[in-house]
Every structure is written in C-alpha cells, then in structure tokens.
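Notes for the one structure printed next.
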Amino acid sequence: ETVELTVDSTKAGTGHLTVTGTQPNRAALRVFTTEEKTAEKHLHYLKFDPKIVGPYTLSLSWSNDPIPGSPFQIQVVDPSKCHMEDPIPCAILVGESQSFVVKTRGGGSGKLKVVPSGSNVKAVLEEAAFESTVVQLSGLELGESSLKVTFGGHDIPRTPFTVGVCDPSQCKIVNEDPQLASQIVKVGSPFGFEVVTENAGKAELQVKPRDPTHQCRIDVRQRPDRGHSWEVSGTAEDIGEQELVVLWGGVQIPDGLVRFTACDPGKCIIAGLPDAKNFIPITGEPFNFTIDYSKAGVCQQLSAQAKLSEGVTEDLGTETEGAVATISCTPKQPGKLELILRFNGFDILTTPWVCDVPDPTRFRVTPPKGYAKQKETVVFPITGVTEETQNFSISAVHSEEEATVSTDSGKEDSTVIVRFNARHIGEYRVEVKHAEQHIDGSPFTVLVANPDGCEIEGDIPEFVHVRSTGTVTVVTSSAGPGE
C-alpha cells in the first residue's frame with residue numbers, strides 16, 4: 001500500500017523542504033513530493049510505495065535544518081503473511097477457555113491485537129517461539145462476540161470471525177418421531193427429532209455418526225419460526241445398530257446419544273408366494289411361502305396377517321428356522337383377501353397383495369388369471385358342487401388337440417380342482433357344462449404363452465446417453481400370446 005504523509009510549513013517562513021529516505025535493506029528510498037501553496041497555507045505531500053517489510057527512515061529538513069522529530073521511522077508490515085492456525089474456536093463453554101495460534105512470520109515487526117466486540121469474551125495474548133502468538137479466549141457469559149485480529153493496525157486474513165459462548169447442559173432433545181421412539185428405523189426412510197437450545201448460548205449444532213463406518217445422511221436446520229429450535233433429519237443408508245452424537249459447541253449435550261437399529265425390509269426375500277394377479281385362492285386350501293430376512297438386519301418382529309373383506313385381520317401361522325420364516329395362509333371365507341407382511345413394523349411388500357377368494361357355495365367355474373405357460377399345468381376351481389350338480393362335463397380344446405382333464409376334490413366338499421396340461425401355445429377353449437348347459441363362468445379362454453420363444457434381435461446397447469433413446473427389438477412370433 002502507498003504510504004502518504006503531509007508536512008505543514010505554513011509557519012516555517014521562507015525556505016524549501018528536503019526529503020531523503022532509506023529502505024530496510026539500506027537502499028535509497030524514492031519519495032514523491034507535491035506542493036500546495038496559498039496565501040493561507042503551505043503544504044507538502046509525500047508518498048512512497050514500500051516493496052519490502054521492515055523499518056523505513058525519512059529524513060526531513062527545512063532549508064537544510066532538520067525539522068523537529070526527524071529522522072522519522074515508519075514500520076511497514078504485511079498482514080497478509082500472518083495467519084491463524086486451525087482450529088479456530090467457533091464456540092467456548094461458559095466459564096472455560098480455548099486457544100488458537102497466530103503466526104506472524106514474514107509479516108514484519110507490527111503489534112498483534114485481538115479485540116472482541118462484546119464483554120462476554122476475554123482475549124489474552126502470549127508470545128511463543130518462531131514468531132507465534134497464543135491467543136487464549138475465555139467465555140465469561142452466554143452470547144456471541146465478533147473477534148477482530150489486527151497486525152500493525154491492519155486486519156489479517158480470516159478476520160473478523162464470530163465466537164459463541166455456550167452451555168450445552170441447557171440443550172435437550174424433543175419430539176422424536178415414532179421410528180426413533182421404537183429405536184427401529186428403515187434404511188432410506190427419513191427420521192427426525194428436534195433439539196431445543198434455549199438458554200444454551202450461541203454455538204453450532206452438530207449431529208454425526210459415532211461410528212464413521214456407518215453411512216447416515218444428516219441435515220440440521222434452524223427453525224425460522226423459533227431461533228432456539230433445530231430440526232434434525234437423518235436417513236440411514238446401511239443396516240445395523242447405530243448411534244448419532246449431538247454436539248453443541250463441540251460438546252455432547254445431555255442425552256445426546258441417539259441410538260437406533262436400521263433395517264431394510266426391502267432385502268427380505270419372499271419365495272413361493274403366488275402372484276396375486278394370477279392366483280385363485282380356494283377356501284380351506286392352504287398356500288405356503290417363505291420370507292428370508294437374513295440380509296435385512298436385526299429382526300425384532302416379523303408379522304404376517306390376512307385382511308378379510310370385512311376389514312378383519314387375522315395372524316397367519318408362522319414357523320421360523322434361523323432367519324427364514326415359513327408362512328401358511330388358509331382362506332376361510334370368500335371375498336377379498338389381502339396379505340400384510342411386515343418386518344420390524346415396516347411393510348415388506350412394495351405393492352398390495354390382494355386377490356379374490358371364490359364363494360364355495362356358488363355353483364360356478366372361476367377362470368384362471370393371466371397367461372398360462374406352455375407345458376405347465378393349468379389349474380382352476382369349480383365351486384358350489386352338490387349331489388345334484390356333480391355330474392358336469394369339462395373340455396379344454398386347442399386347435400391341435402383336446403387336452404386331458406383331471407379333477408380332484410378340494411378341502412371343501414363343494415369345491416373341485418380342475419387341471420390340464422397346456423402342451424401348445426395359443427388359445428384353449430374351456431367349457432364346463434351341467435345338463436348340457438354352460439355353468440356360470442363358462443365358457444372361457446386360456447391363453448398359453450412360451451416366454452422362451454422370445455428372441456432379442458440385434459445387440460443390446462451397452463450405454464445410452466442422457467436424453468437419448470435406446471432401442472431393443474424383441475421377436476415374439478414363436479412365443480404365443482402375451483405382453
């Protein structure tokens with residue numbers, strides 16, 4: 001920076017000003033002078049541009065006589081060479097102290113000062129080795145103070161900065177959501193709580209995993225409607241027992257260890273559960289499936305329920321071996337049947353499993369849903385069979401064959417289970433007649449497909465650019481009907 005000085009010779013009478021100067025390296029200093037002379041005043045303006053730090057000497061004389069105080073010494077400093085070493089305190093506990101170090105090497109011979117804006121913080125400076133100064137900050141009372149650090153009267157980098165004086169013992173956690181209340185959270189599902197810092201002073205609220213190997217996204221926001229309240233939102237990204245540490249001013253608050261177990265119901269593997277879109281459950285006929293939760297985390301509760309048409313729910317039979325549960329469901333009444341499967345209170349099924357149970361007292365045939373697969377058995381029920389209606393006939397006809405049909409009695413005396421093998425792709429027309437008349441639900445068509453007959457034509461794109469279209473051609477001419 002340019003150094004500027006003014007010499008007033010108004011009362012010195014007639015004469016001339018002589019200026020010489022030397023730099024810290026004893027080289028001559030070039031000083032630029034200008035003069036302003038009027039009837040009322042006679043002023044001389046001096047300026048020079050220092051290139052190095054250290055003492056500069058100016059010798060001033062008036063008509064060859066030194067003016068009072070000459071020669072003058074000016075200390076030139078470079079505050080940009082000074083720096084505060086991390087960590088710089090952002091909060092101090094009330095009644096306690098924290099320190100940081102300021103390095104002034106290369107900055108010259110200026111004086112270091114630390115001035116707090118408020119009376120709640122006291123700064124004490126102590127010189128140390130290697131042109132370092134230790135600044136001891138003491139928190140006297142709750143509040144906030146801005147600290148200005150200067151060297152030779154000039155601000156050094158990163159100043160001013162703010163320091164809060166706080167009392168973590170006044171903080172408390174409130175309004176935990178139900179997930180945390182049960183100490184079970186779902187991976188990928190946000191949970192939260194609130195931290196109230198009223199009467200706790202000024203500081204930064206920090207929330208972080210105690211074990212850094214666990215992944216948990218954390219968002220801390222101060223509520224705009226209440227300055228002493230903070231909303232904390234977390235999302236566990238892996239399973240297992242975890243802890244979050246809540247800090248105010250770098251110190252753990254009371255009860256500031258939030259414990260929970262993260263589980264991932266999406267990693268439960270269900271095997272043997274029929275597709276509700278293509279399944280016809282029969283009253284009295286049990287169907288079984290398994291749930292493997294070995295990769296879903298700690299299991300505190302696995303529940304399986306059937307929800308009936310009237311909204312009534314009943315627990316299903318469950319047998320567990322290791323981390324595999326076998327579930328058995330036996331429909332007891334006609335109407336809507338919904339399965340509700342939960343792991344630690346969280347839904348395992350991503351879409352509802354709902355299907356219709358036929359009325360066993362109604363004489364009718366219920367066609368199978370969806371598509372049948374070639375060379376697999378097609379199964380469907382005839383319900384409401386009585387002594388008067390038991391003499392019915394069944395046919396399943398394809399353009400190339402008439403399939404062989406077999407029947408078995410169901411668990412309900414009034415139900416008959418019909419089976420035939422779909423040997424060909426295409427359509428089978430099924431007719432169920434009693435006294436030469438179609439019964440309710442007859443006739444119907446069973447569509448038989450062969451997914452193995454689908455072929456991909458050409459190559460599958462390995463990469464598809466964003467906002468562009470990738471195309472895959474699938475030839476289904478040999479696969480039969482389907483989607």
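Only heavy atoms go into these numbers, but all of them, side chains included; no hydrogens, no water, no symmetry mates.
Looking at D255 and K172, no side-chain N of the basic residue comes within less than 4.0 Å of a carboxylate O on the acidic one, giving no salt bridge. A salt bridge links E243 with R210; the closest basic N to acidic carboxylate O contact falls under 4.0 Å. Salt-bridge annotation for R217 and E237: present, with a side-chain N of the basic residue lying under 4.0 Å from a carboxylate O of the acidic one. Using a 4.0 Å cut-off between charged side-chain N and carboxylate O, K202 and D167 make no salt bridge. D264 has no carboxylate O lying under 4.0 Å from a charged side-chain N of K186, or vice versa, which leaves the two without a salt bridge. Salt-bridge check for R429 with E427: failed, with every basic side-chain N at 4.0 Å or more from each acidic carboxylate O. The residues R221 and E231 are annotated as not salt-bridged, no charged nitrogen and carboxylate oxygen being separated by less than 4.0 angstrom.
Expressed to the nearest 0.5 Å, how far CD1 of I239 lies from NZ of K267 amounts to 5.5 Å. Between the CH2 atom in W230 and the CZ atom in F193 there is a gap of 13.0 Å [rounded to 0.5 Å]. Here Q136 contributes atom CD and S99 contributes atom OG; the two are 4.5 Å apart, rounded to the nearest 0.5 Å. Rounding to the nearest 0.5 Å gives a distance of 8.5 Å between CG of L302 and CG of N344. If you take SG on C263 and CG on D238, they are separated by 12.0 Å, rounding to the nearest 0.5 Å. Going from atom CG of L349 over to atom CD of E338 covers 9.0 Å, rounded to the nearest 0.5 Å.
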(request) Determine, step by step, whether V354 and K336 satisfy the side chain to side chain contact (heavy atoms under 4.5 Å, CB included) criterion, reporting the C-alpha distance in whole Å, the side-chain angles of both residues, the deciding distance to 0.1 Å, and the verdict. (result) CA-CA 7 Å; V354 182; K336 293 290 184 183; 4.1 Å; yes
(message) Run L247 and L205 through side chain to side chain contact (heavy atoms under 4.5 Å, CB included) and show every step you take.
(response) CA-CA 6 Å; L247 308 170; L205 184 71; over 6 Å; no
(request) Apply side-chain hydrogen bond (donor to acceptor under 3.5 Å, both in side chains) to N288 and S328, showing your working. (result) CA-CA 4 Å; N288 302 325; S328 179; 2.8 Å; yes
(message) Evaluate T366 against R364 for side chain to side chain contact (heavy atoms under 4.5 Å, CB included), listing each step before the verdict.
(response) CA-CA 7 Å; T366 301; R364 74 182 310 272; 3.2 Å; yes
(message) Set out, in order, the CA-CA distance, both residues' side-chain angles and the distance that settles side chain to side chain contact (heavy atoms under 4.5 Å, CB included) for V418 and V379, then state yes or no.
(response) CA-CA 6 Å; V418 182; V379 181; over 6 Å; no
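V149 places a side-chain heavy atom less than 4.5 Å from the side chain of L112. For the pair S182 and F260, the minimum side-chain heavy-atom distance is 4.5 Å or more. For the pair F161 and S146, the minimum side-chain heavy-atom distance is 4.5 Å or more. Within the 4.5 Å cutoff, the side chain of V430 has heavy atoms near those of the F380 side chain. When side chains are defined from C-beta on, T290 does not count as touching I270, because their heavy atoms never get closer than 4.5 Å. Contact of the V102 side chain with the I156 side chain is registered, since non-hydrogen atoms from C-beta on lie closer than 4.5 Å. Residues L137 and V163 are in side-chain contact: their nearest non-hydrogen atoms beyond the backbone lie under 4.5 Å apart. Residues T133 and F100 fail the side-chain proximity criterion, which asks for heavy atoms closer than 4.5 Å.
Of the possible polar contacts, none joining the W353 side chain to the D275 backbone as a donor-acceptor pair under 3.5 Å is found. Put simply, the side chain of T104 gets close to the backbone of E131: a donor and an acceptor are under 3.5 Å apart. At least one donor-acceptor pair closer than 3.5 Å links the side chain of Q374 to the backbone N or O of R423. A donor-acceptor pair under 3.5 Å is formed between the side chain of H398 and the backbone N or O of I425. Here the side chain of T383 pairs no donor or acceptor atom with the backbone of P360 at under 3.5 angstrom. E319 contributes no side-chain N or O that, together with a main-chain N or O of A325, makes up a donor-acceptor pair within less than 3.5 Å. Without hydrogens or angle criteria, D177 side chain to G192 main chain gives a donor-acceptor distance under 3.5 Å.
When only modelled atom types and interatomic distance are considered, S138 and S97 share a side-chain donor-acceptor pair under 3.5 Å. Between the side chains of Y428 and E402, no donor N or O sits under 3.5 Å from an acceptor N or O. N199 and Q170 are not linked by any side-chain donor-acceptor pair at a separation below 3.5 angstrom, with hydrogens and angles left out of the test. Between K103 and S132, the side chains place a donor N or O and an acceptor N or O closer than 3.5 Å (distance only, hydrogens not considered).
Across all non-hydrogen atoms, the minimal contact from P157 to M84 is O-CE, 3.5 Å. Here the closest heavy-atom approach between residue G201 and residue W248 is recorded as O-CZ2, 3.3 Å. Nearest heavy atom pair, residue C268 against residue F343, reads SG-CG, 3.9 Å. For the residue pair Q252 and P168, the shortest heavy atom distance occurs at O-CB, 4.4 Å. The two residues P358 and P281 have their closest heavy-atom pair at CD-O, 2.9 Å. Shown here for A304 and L341, the closest heavy-atom pair between the two residues is CB-CD2, 3.6 Å.
In the displayed structure, Q300 atom CD is contacted under 6.0 Å by more than 12 heavy atoms of other residues, nucleotides or ligands. Other residues, nucleotides and ligands contribute only 12 or fewer heavy atoms inside 6.0 Å of the CG atom of D459. No more than 12 heavy atoms of other residues, nucleotides or ligands shown are found within 6.0 angstrom of CD on E321. The neighbour count for E314 CD, taken as heavy atoms of other residues, nucleotides or ligands under 6.0 Å away, is above 12.
Of the listed residues (I417, I394, I382), just one forms a side chain to side chain contact (heavy atoms under 4.5 Å, CB included) with T407, and that residue is I394.
Applying the side-chain hydrogen bond (donor to acceptor under 3.5 Å, both in side chains) rule to E194 yields the partners N175, R226, S229; only residues at least two apart in sequence or on another chain are considered. Taking Q333 as the reference, E310 meet the side-chain hydrogen bond (donor to acceptor under 3.5 Å, both in side chains) condition, with sequence neighbours excluded.
Taking the six-membered ring where tryptophan is involved, the planes of F392 and F363 are tilted, since the angle between them lies from 30° to 60°.
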